[in-house]
Amino acid sequence: MKRKSEAAPTAPNSTESRNFIQQIVEDDLKHDRTNGRVMTRFPPEPNGFLHIGHAKAIAINFGIAAEYGGVCNLRFDDTNPETEDMAYVQAIKEDIRWLGFDWGDREYFASDYFDQLYEFGIRLIEDGKAFVDSLNEEEIREYRGTVTRPGKDSPHRTRSIDDNLDLFRRMRNGEFPDGAHVLRAKIDMSSNNMLMRDPVLYRIKHVSHYRRGNDFPIYPMYDLAHPLSDAIEGITHSFCTLEFEVHRALYDWLVDAVFDPPRPHQYEFARFNLDYTVMSKRKLLTMVEDGIVDGWDDPRMPTLAGFRRRGVTPEAILNFAAMIGVAKAHNRVDIAMLEYAIRDDLNAKAPRVMCVLRPLRVIITNYPDNETEWSDAPYWPHDIPKEASRPLPFSREIFIEQDDFQENPERNFHRLAPGSEVRLRYSYIICCEKVIQDADGAITELHCTYDKDTRSGSTASERRVKGTIHWVSASEAIPVQVRLYDRLFAVPDPEDVPEGKTFVDHLNPDSLKVLTNCLAEPSVKNCSVGDRFQFERQGYFIVDKDSKDAETLVFNRTISLRDTWATDRVGGIRRSDGASKKQSSLKEARTKEKTAADRASAIRPPTPVDPLTNLDDEQTSEALRLEKSYGIPLADAALISTELEWIAFFEKAAALSDSPGRVVSVANWIVQELRPALMGQNPASSRITAKNLVRLVSLQAEDTISRRIATEIFGIMLEKGGDPQSIMDEKGLRQISDNAAISEMVVQILAEFPDRVTAFKGGKKGLIGFFVGQVMQRSKGKANPKLAQSILLEQLRG
RNA sequence: UGCCCUAUAGCUCAAUUGGCAGAGCGUCGGAUUCUGGUUCCGAAGGUUCAAGGUUCGACUCCUUGUAGGGCAACCA
């Protein structure tokens with residue numbers, strides 16, 4: 001299914017934008033870091049059904065593999081026997097296949113690696129990288145410390161390798177009860193990353209595993225099983241969600257401990273939240289177990305099984321996944337995007353038929369009794385290139401939608417009202433002559449006349465009326481049940497609950513309406529479970545598996561048609577045009593006000609940031625001294641003063657500088673380039689000496705090179721050392737300040753981009769950046785930008 | 001309170017790596033229409049979180065803040 005943007009002709013030079021994951025893979029391929037291979041994996045835990053969030057992960061993992069000529073493994077991450085089940089394995093496989101992905105014969109289970117993983121455990125012990133701890137759970141927690149306080153070593157951390165080996169073997173042999181011992185990595189109890197504080201690798205659990213039975217009384221933790229499973233399979237790129245970001249260090253540690261490069265690398269992307277739904281497996285399980293919904297495949301569930309039963313197509317879900325993109329920012333996706341993807345796909349896939357949900361009897365008084373006239377009605381509208389039709393009966397007695405009649409029509413009501421006309425879709429224009437009511441005043445029946453010259457398709461049918469409605473012929477219509485589904489939750493973020501409430505309190509009581517008196521046109525009689533239709537003017541529907549025969553067909557509403565009429569009304573009453581405009585501008589004003597208010601509250605009094613705030617007394621006095629004796633900005637002085645090595649480096653460089661201005665520049669270069677580049681290393685160990693830094697700064701100050709080139713040379717110096725002058729000469733990086741040479745380039749460029757020149761002259765002054773950029777690109781950064789700009793401005797004026 | 005991540009239009013993402021701030025969805029108009037659907041055309045919508053700095057030029061680099069999120073399961 002093509003998206004519109006893809007169908008549009010792409011500009012000749014526009015490169016399809018790539019998300020950060022694609023950029024990583026392409027970069028790895030370009031630098032041949034994976035032997036040209038791309039292998040990903042989708043690693044679900046079989047403890048629940050897949051939901052639409054997983055669809056994104058599936059699309060990424062299988063999609064990247066397909067895009068770069070690789071493969072994607074399916075691996076069940078089944079290392080916790082307490083929650084996992086074969087039924088979930090089956091459901092997950094079915095859902096992935098339904099989405100259209102194929103994992104060939106690469107169907108793996110972490111539980112198949114249990115023996116190998118156990119051997120890795122032994123190896124870690126032998127290498128002194130793991131030990132058996134006999135602290136209990138609480139003690140381990142206590143020893144771990146907190147996020148702000150370092151932990152302390154377990155007393156068993158120093159156990160001998162032999163003891164560890166012996167204990168671990170006996171753990172595996174089932175000699176100890178649950179919780180007696182664990183295997184832990186020996187890393188660093190004072191690490192800032194809590195995951196690195198000697199994480200637990202194996203625990204004892206005398207629990208039967210759904211695939212391995214009682215083979216193992218010990219089970220590996222995710223943090224051991226996942227990276228090593230990746231490495232075993234030869235995965236190149238391991239994509240997971242953001243909450244595993246902090247696990248990456250441990251992932252790397254474990255893989256490096258056991259495998260040689262090239263090895264898998266983990267990258268994290270943001271999962272998404274969807275308006276009006278919950279997406280955590282735990283909450284979904286709660287809803288299933290508590291009977292809030294009718295199973296994992298309840299059509300209101302955000303599970304793939306739920307969407308499937310609801311009638312959503314896999315293409316719609318995949319398109320939606322493509323629409324929301326891949327990034328690293330937490331997000332909440334507007335439900336309208338999903339709805340768009342669903343409608344967009346179904347529009348071209350669902351044949352149109354008519355079904356009256358809430359029937360109102362209509363007698364065509366001037367139509368002969370006992371007569372039925374059949375006509376041919378197309379399944380597809382004119383703008384969908386498909387040809388097919390079905391026979392449609394018309395007779396004296398028909399049903400229309402109750403909503404399509406108003407006794408006292410509101411403004412702009414285009415449908416049937418006393419004395420007015422509508423067209424019956426694919427049929428005649430009728431006029432309402434009489435309204436029949438019961439004793440309570442409820443409308444029970446309409447008496448209408450038809451205009452026999454207006455039959456659809458006939459030459460005289462050109463006559464236009466403002467409305468067209470759907471209908472069914474009474475005698476041929478078949479009774480069906482229709483289930484109208486709406487969002488499960490009443491608020492956009494159901495997980496955002498006040499004290500003492502839970503997400504369940506936000507349930508939408510009207511998420512399911514069952515309509516049992518619906519009447520469908522006879523052509524649907526022989527449809528089968530899973531068939532999709534558009535019921536004209538209402539929405540998309542699918543035949544549910546609860547259907548037993550033609551008499552009791554059950555239709556699930558996948559989604560209603562977009563309805564600008566309904567969205568423009570408040571409380572069922574359409575606003576007059578004037579009011580509507582006023583309303584919307586009012587709304588606009590309100591949001592503007594609100595954002596302005598937000599902004600105002602967000603802006604604190606511009607507290608002047610004191611560069612010295614984070615410094616201790618000694619550093620502060622050093623900073624003040626540097627500021628005073630060298631005349632450098634306090635902010636730079638403060639940064640230099642954080643460490644003694646930097647002070648020494650700076651003062652050495654300052655001594656080599658031949659003017660006070662040079663000293664200021666040197667300080668700036670240190671703070672802005674050198675210090676960040678060294679990432680905490682001692683400047684004395686850098687390849688860039690104080691002397692060479694001063695030389696570089698001087699070259700720039702003398703205008704021999706531009707700042708841009710200076711930065712380039714700086715990069716080379718950082719990597720290889722050397723003095724800037726010879727690097728400059730060697731690479732031919734001396735600045736071009738030759739008027740004629742630059743003028744020539746400018747003439748060329750202006751000739752090449754005539755439309756931009758006119759745009760510039762028309763007032764789009766920002767384009768000067770583009771033009772300078774062109775000069776800089778062509779000169780490989782060597783042109784003097786100031787000169788280039790002045791020449792450009794001069795020529796553009798003329 | 002320590003470490004890590006993130007911040008661009010109402011929402012979700014781009015911006016060829018320092019050179020014209022764009023797209024899709026949504027909203028609002030208009031055209032077309034035997035679906036109040038679809039399609040087509042158009043418009044509005046930006047302090048690129050803030051303040052400072054570097055640069056001819058900053059969404060992009062540096063500094064300091066702010067806001068949101070993650071991390072102290074023998075879950076994954």
Side-chain angles (χ1 to χ4, degrees), chain A residues 3-5 13-15 17 19 45 47 77 79-80 82-83 137 140-141 144-149 151 178-179 182 191-195 197 200 202-205 221-222 226 242-246 268 270 272 323-334 336-337 340 343 347 352 381-384 414 423 425-426 456 461 464-465 467-470 534 536-538 561-566 584 591 599 602-604 606-609 611 613-614 633 635-636 639 668 671-673 675-676 706-708 711 756 759 764 766-774 776-777 784-786 788-789:
Chain A
R3 288 215 287 126
K4 264 169 289 173
S5 58
N13 264 343
S14 83
T15 45
S17 83
N19 63 48
E45 184 190 10
N47 66 348
D77 224 333
T79 56
N80 183 4
E82 275 156 356
T83 58
E137 211 171 326
I140 287 181
R141 212 187 337 270
R144 183 149 41 219
T146 69
V147 285
T148 51
R149 210 182 59 234
D178 287 9
V182 290
S191 171
N192 281 323
N193 183 344
M194 298 295 294
L195 265 309
R197 321 248 259 228
V200 174
Y202 261 100
R203 77 282 210 191
I204 301 172
K205 257 185 210 289
M221 301 288 292
Y222 165 88
H226 192 82
L242 243 33
E243 66 269 28
F244 293 100
E245 217 156 18
V246 284
E268 310 85 15
F272 67 96
M323 276 170 77
I324 63 174
V326 181
K328 295 185 76 166
H330 299 95
N331 59 70
R332 168 166 298 279
V333 176
D334 190 339
M337 276 211 231
Y340 170 83
R343 292 192 182 108
N347 177 43
R352 321 284 133 126
H382 62 96
D383 50 2
I384 288 176
H414 290 176
R423 171 171 291 282
R425 178 124 240 234
Y426 308 121
S456 196
S461 71
R464 295 184 45 145
V465 289
T468 300
I469 63 174
H470 61 278
Q534 183 194 106
E536 294 223 27
R537 305 208 310 127
Q538 309 203 85
L561 253 31
R562 191 159 160 268
D563 189 351
T564 50
W565 160 262
S584 64
T591 57
R599 208 171 279 151
I603 294 173
R604 265 146 294 282
T607 44
V609 183
T613 14
N614 294 332
D636 289 353
L639 253 6
N668 188 271
V671 166
Q672 192 139 162
E673 307 285 347
R675 208 180 76 114
S706 64
R707 169 77 187 211
R708 183 200 189 99
T711 314
R756 286 176 219 248
K764 192 147 186 182
L767 279 169
I768 190 65
F770 167 78
F771 289 123
V772 176
Q774 285 296 317
M776 296 311 285
Q777 244 170 52
N784 180 333
K786 277 182 233 173
Q789 180 153 347

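Labels below follow one simple rule: chain letters A, B, ... track the order of the sequence lines, proteins then strands, and each chain is numbered from 1. Atoms considered below: every heavy atom in the structure, side chains included; atoms not considered: hydrogens, waters and symmetry mates.
Looking at A:Lys786 and A:Gln789, their side chains never come closer than 4.5 Å, going by heavy atoms from C-beta outward. Side chains of A:His470 and A:Gln538 form a contact here, defined as non-hydrogen atoms less than 4.5 Å apart. A:Met194 has its side chain out of reach of A:Val246: every pair of non-hydrogen atoms, C-beta onward, lies at least 4.5 Å apart. Counting heavy atoms from C-beta outward, A:Thr79 and A:His226 have side chains that stay 4.5 Å or more apart. Looking at A:Asn80 and A:Lys205, their side chains come closer than 4.5 Å, going by heavy atoms from C-beta outward.
Close to B:C25, at under 4.0 Å from its OP1 or OP2, lies a side-chain N or O of A:Tyr340. Here A:Arg203 reaches the OP1 or OP2 of B:C75: one of its side-chain N or O atoms lies under 4.0 Å away. One finds no side-chain N or O of A:Asn19 lying less than 4.0 angstrom from the OP1 or OP2 phosphate oxygen of B:C13. The side chain of A:Arg562 contributes an N or O atom lying less than 4.0 Å from OP1 or OP2 of B:U38. At B:G69, none of the side-chain N or O atoms of A:Lys328 fall inside 4.0 Å of OP1 or OP2 (strictly under the cut-off). Side-chain N/O atoms of A:Thr564 include one lying less than 4.0 angstrom from OP1 or OP2 on B:G37. Dashed line: the shortest gap from a side-chain N or O of A:Thr711 to OP1 or OP2 of B:U55 is not under 4.0 Å. For the OP1/OP2 pair of B:G65 and a distance below 4.0 Å, the side-chain nitrogens and oxygens of A:Asn614 include at least one atom meeting the criterion.
Among the atoms of the strands shown, base atoms are found under 4.0 Å from some heavy atom of A:Arg425. Residue contacts for A:Met221: at a heavy-atom cut-off of 4.0 Å it reaches the sugar-phosphate backbone alone, with no base atom in range. Base engagement by A:Pro381 is indicated by at least one non-hydrogen atom pair under 4.0 Å involving a base atom. Looking at heavy-atom distances under 4.0 Å, A:Tyr426 makes contact with a base. Backbone-only engagement by A:Glu45 is indicated by non-hydrogen atom pairs under 4.0 Å involving sugar-phosphate atoms exclusively. In this structure, A:Val200 reaches the sugar-phosphate backbone alone: every heavy-atom distance under 4.0 Å involves primed, P, OP1 or OP2 atoms, never a base. Residue-level contact check: A:Arg352 touches the bases, meaning some heavy atom is under 4.0 Å from a base atom. The residue A:Val671 sits close only to the backbone: its heavy atoms come under 4.0 Å of sugar-phosphate atoms, none of a base. Nucleic acid contact for A:Leu561: base, since at least one base atom lies under 4.0 Å from a heavy atom of the residue. When heavy atoms are screened at a 4.0 angstrom cut-off, A:Val465 is found touching no nucleic acid atom at all. Among the atoms of the strands shown, base atoms are found under 4.0 Å from some heavy atom of A:Glu137. Within 4.0 Å (heavy atoms only), A:Phe244 reaches at least one base atom of the nucleic acid. Contact annotation for A:Arg332: backbone-only contact, meaning every heavy-atom pair under 4.0 Å involves sugar-phosphate atoms and none involves a base. Across all strands, A:Ala635 comes closer than 4.0 Å to no nucleic acid atom at all (heavy-atom distances).
For A:Gln774 and B:G18, the CD to P distance is 16 Å, given to the nearest whole Å.
For A:Asn668, whose side chain is taken as the heavy atoms from C-beta onward, the closest listed nucleotide among B:A72, B:U54, B:A76 is B:U54.
Ion pair A:Arg707/A:Glu673 flagged as a salt bridge, since at least one NZ, NE, NH1 or NH2 atom sits closer than 4.0 Å to an Asp/Glu carboxylate oxygen.
In this structure, B:C25 and B:G10 make a Watson-Crick or G-U wobble pair, each of the two defining distances being under 3.5 angstrom. Across all strands shown, B:U35 has no partner, as no Watson-Crick or G-U wobble contact with both distances under 3.5 Å is found. Applying the Watson-Crick and G-U wobble criteria (two distances, each under 3.5 Å), B:C74 pairs with nothing in any strand. Pair check for B:G52 finds B:C62; Watson-Crick or G-U wobble, both atom distances under 3.5 Å. The base-pairing partner of B:G68, taking Watson-Crick or G-U wobble contacts with both distances under 3.5 Å, is B:C5.
The base of B:G18 has none of its N or O atoms less than 3.5 Å from a complementary donor or acceptor on the side chain of A:Arg707. Evaluation of atom-type donor-acceptor distances gives no pair under 3.5 Å for the side chain of A:Glu243 against the base of B:G69. At a cut-off of 3.5 angstrom, counting only N and O atoms as typed in the model, there is a donor on one side and an acceptor on the other between the side-chain of A:Gln534 and the base of B:U35.
Between A:Leu767 and A:Gly145, it is A:Leu767 whose nearest contact on RNA chain B lies nearer the 5' terminus. Positionally, the nearest nucleotide of RNA chain B for A:Gly325 lies more toward the 5' end than for the other of A:Gly769 and A:Gly325.
A distance-only check finds a donor-acceptor pair linking the side chain of A:Arg197 to the backbone of A:Thr146 [under 3.5 Å]. Proximity of a side-chain donor or acceptor of A:Asn331 to a complementary backbone N or O of A:Ala329 within less than 3.5 Å is detected.
The side-chain ring of A:His330 is not stacked on the base of B:G68, judged by centre separation under 5.5 angstrom and plane angle under 30 degrees.
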